[in-house]
> 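Pasting a structure here, questions to come.
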Amino acid sequence: MTITSPHLGSPAGWTDARLLYALEEVVEKELNRHLAVTKDWMPHDYVPWSDGRNFPKFFDDGEAWSKEQSPVTDIGKIALVVNLLTEDNLPSYHHEIASLFGRDGAWGTWVHRWTAEEGRHGIVMRDYLLATRAVDPDKLEEFRMAHMSEGFESDNRHSMLHSVAYVAFQELATRISHRNTGHQSGDPVCDRMLARIATDENLHMVFYRNLLKAAFELAPDLTMQAVRDVVVQFRMPGHGMPGFERAAAQMAIGEVYNLRIHHDDVIQPVLRFLKVMDIDGLGPEGVQAQEELGLYMGGLDAEAAKFDEKLAARKARMAARGA
């Protein structure tokens, strides 16, 4: 695939402001496409309210929480808390993208629409967890307060282009995490709810992925460098929450989200769609970024293979122990 040089000349000519302006028509097109295919849904329709009952602090008929009250698996509970706490930081995410993308025109319309759609995710997940008593409600609120009190600052807040590249991958990563959590939850009600959330996340990914494709056509060298930086330094937005490292390790073993899933189901599909490794006509910095991205992906695949071997060995030990 051959990409022509940007009409503004050298990469130095592309400021965030110029890129925002140049991509405005693409944003409007993608916004209209998104609104045409997305379907509104009601969070309360996905919550089994009849499972709910009072907690004891202010109600005589209240029942204290205990972990046996929910059919959700242990890994499902861990992943649900991580996913919900990630969604809880929506105010910080909105602040960042509104500051980067602006609040006017098609960009602003998208920012507010995206925020409104994402807001449903936290609503329905929290209502489900409380109604079904899947997790300790006191600890959940303590975690929420601690996580939100820290706020969130993206690794890519310095650059609009880096931010677009990041969310193209991150929205897909979130979709995969929600979908796999549902599969591993042991509760068909939870699986249905998270499938609905995952559908939203996939549509958000398509919006940003298509925007990233347009950025490659305008400023291929800068976009290649942004993609390289984002992929190499990628972190999920919930990395700052209490106990994230331990929870992430458990989710990896539980096959909710791990290196193999990250490589095969998140990074590779976006790179393949954009045909990133086939782009030619790049300048020296773009070529270097492309080569470094290729080397990194090879290394990531090798690391994923090592993880696969360790996971298979662990499963074999568990099976032998069970036998």
> Should we say atom CG of Asp61 is surrounded by more than 12 heavy atoms from elsewhere, each under 6.0 Å from it?
yes

> Does Asp88 use its side chain to pair, donor to acceptor, with the backbone of Arg144 at less than 3.5 Å?
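No; judged by distance alone, with no hydrogens or angles, the pair does not exist.
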
> Cation over ring, Arg133 on Phe55, under 6.0 Å and within 45°?
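Positive - Arg133 is close enough to the ring of Phe55 and near enough to its axis.
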
> Should the heavy atoms of other residues, nucleotides or ligands under 6.0 Å from CE of Met277 be counted, would the total exceed 12?
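Count over threshold, so yes.
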
> Can any side-chain N or O of Ser185 pair as donor or acceptor with the backbone N or O of Gly182 at less than 3.5 Å?
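Here the side-chain-to-backbone pair exists.
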
> Taking Arg272 first and then Asp264, would you say they form a salt bridge - that is, a charged N and a carboxylate O separated by under 4.0 Å?
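Answer for the salt bridge query: no.
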
> Do the side chain of Trp14 and the main chain of Leu222 share a donor and acceptor less than 3.5 angstrom apart?
no

> Indicate yes or no: does Glu255 engage Lys315 in a salt bridge with an N to O separation below 4.0 Å.
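Looking at Lys315 together with Glu255, the answer is yes, because their closest N to O distance falls below 4.0 Å.
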
> Any chain of hydrophobic side-chain contacts (each under 4.5 Å) joining Leu271 to Ile176?
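Both belong to a single hydrophobic cluster.
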
> According to ring pair (Phe, Tyr, Trp, His ring centres under 6.0 Å), does anything in residues 65-93 pair up with another residue at least two apart or in another chain? List the pairs.
Tyr93-Phe152

> Within a 6.0 Å radius of atom CZ on Arg53, are there more than 12 heavy atoms belonging to other residues, nucleotides or ligands?
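More than 12 within 6.0 Å, yes.
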
> Just to verify, what does Tyr208 make a ring-ring contact (aromatic ring centres under 6.0 Å, His included) with, not counting sequence neighbours?
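With sequence neighbours excluded, Tyr208 shows a ring-ring contact (aromatic ring centres under 6.0 Å, His included) to Trp110, given in chain and number order.
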
> Which atoms form the tightest heavy-atom contact between His263 and Pro269, and what is the distance?
O-CD, 4.3 Å

> Find the distance between NE2 (His94) and OG1 (Thr115) and round it off to the nearest 0.5 Å.
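Taking NE2 in His94 and OG1 in Thr115, the distance rounds to 5.0 Å.
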
> Test side-chain hydrogen bond (donor to acceptor under 3.5 Å, both in side chains) on Glu96 and Ser92 and set out the steps.
CA-CA 6 Å; Glu96 284 222 346; Ser92 288; over 6 Å; no

> Is the backbone N or O of Met297 less than 3.5 Å from a side-chain atom of Asp301, with the two atoms forming a donor-acceptor pair by type?
no

> Determine whether a donor-acceptor pair (N or O, by modelled atom type, separation under 3.5 Å) exists between the side chain of Gln250 and the backbone of Ile78.
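Not at all, since once roles are kept as given, no pair shorter than 3.5 Å links the two residues.
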
> Near Glu25 CD, under 6.0 Å, is it more than 12 heavy atoms from other residues, nucleotides or ligands?
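No, the 6.0 Å shell around CD holds no more than 12 heavy atoms from other groups.
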
> Could you walk me through whether Asp127 and His44 pass side-chain hydrogen bond (donor to acceptor under 3.5 Å, both in side chains), step by step?
CA-CA 8 Å; Asp127 286 348; His44 55 263; over 6 Å; no

> If you measure from CE on Met160 to CG on Leu19, what distance do you get to the nearest 0.5 Å?
4.5 Å

> Do any N or O atoms from the side chain of Glu24 and from the backbone of Ala106 form a donor-acceptor pair under 3.5 angstrom?
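Flag set: sc Glu24 to bb Ala106 pair under 3.5 Å.
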
> Ignoring hydrogens and geometry, is there a side-chain-to-backbone donor-acceptor pair from Thr132 to Tyr128 under 3.5 Å?
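Here the side-chain-to-backbone pair exists.
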
> Is it true that Arg113 and Glu117 have a side-chain N and a carboxylate O under 4.0 angstrom from each other?
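Yes, this pair counts.
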
> Nearest 0.5 Å, please: how far is CG in Leu212 from OH in Tyr166?
14.5 Å

> Quick check: does any side chain N or O of Glu291 sit under 3.5 Å from a backbone N or O of Gln288, one acting as donor and the other as acceptor?
no

> With sequence neighbours left out, write down each residue that passes ring-ring contact (aromatic ring centres under 6.0 Å, His included) with Tyr46, or none if nothing qualifies.
Trp41

> For the ring pair (Phe, Tyr, Trp, His ring centres under 6.0 Å) test, which of Phe307, Phe169, Tyr257 pairs with His262?
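In the set Phe307, Phe169, Tyr257, the residue that makes a ring pair (Phe, Tyr, Trp, His ring centres under 6.0 Å) with His262 is Tyr257.
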
> Strictly distance-based, threshold 3.5 Å: is any side-chain N or O of Asn54 a donor or acceptor partner for the main-chain N or O of Gly62?
no

> First locate atom CG of Asn180, then atom CD1 of Ile75, and finally report the distance between them rounded to the nearest 0.5 Å.
10.5 Å

> Under 6.0 Å from the NE2 atom of His183, do we count more than 12 heavy atoms belonging to anything else shown?
yes

> May I ask you to decide if Met241's main-chain N or O and Glu150's side chain share a donor-acceptor pair within less than 3.5 Å?
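No; zero donor-acceptor contacts below 3.5 Å.
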
> Can you tell me how far the CE atom of Met193 sits from the CG atom of Asp45, to the nearest 0.5 Å?
13.5 Å

> Can you tell me how far apart NE2 (His178) and CG (Leu80) are? Round to the nearest 0.5 Å.
9.5 Å

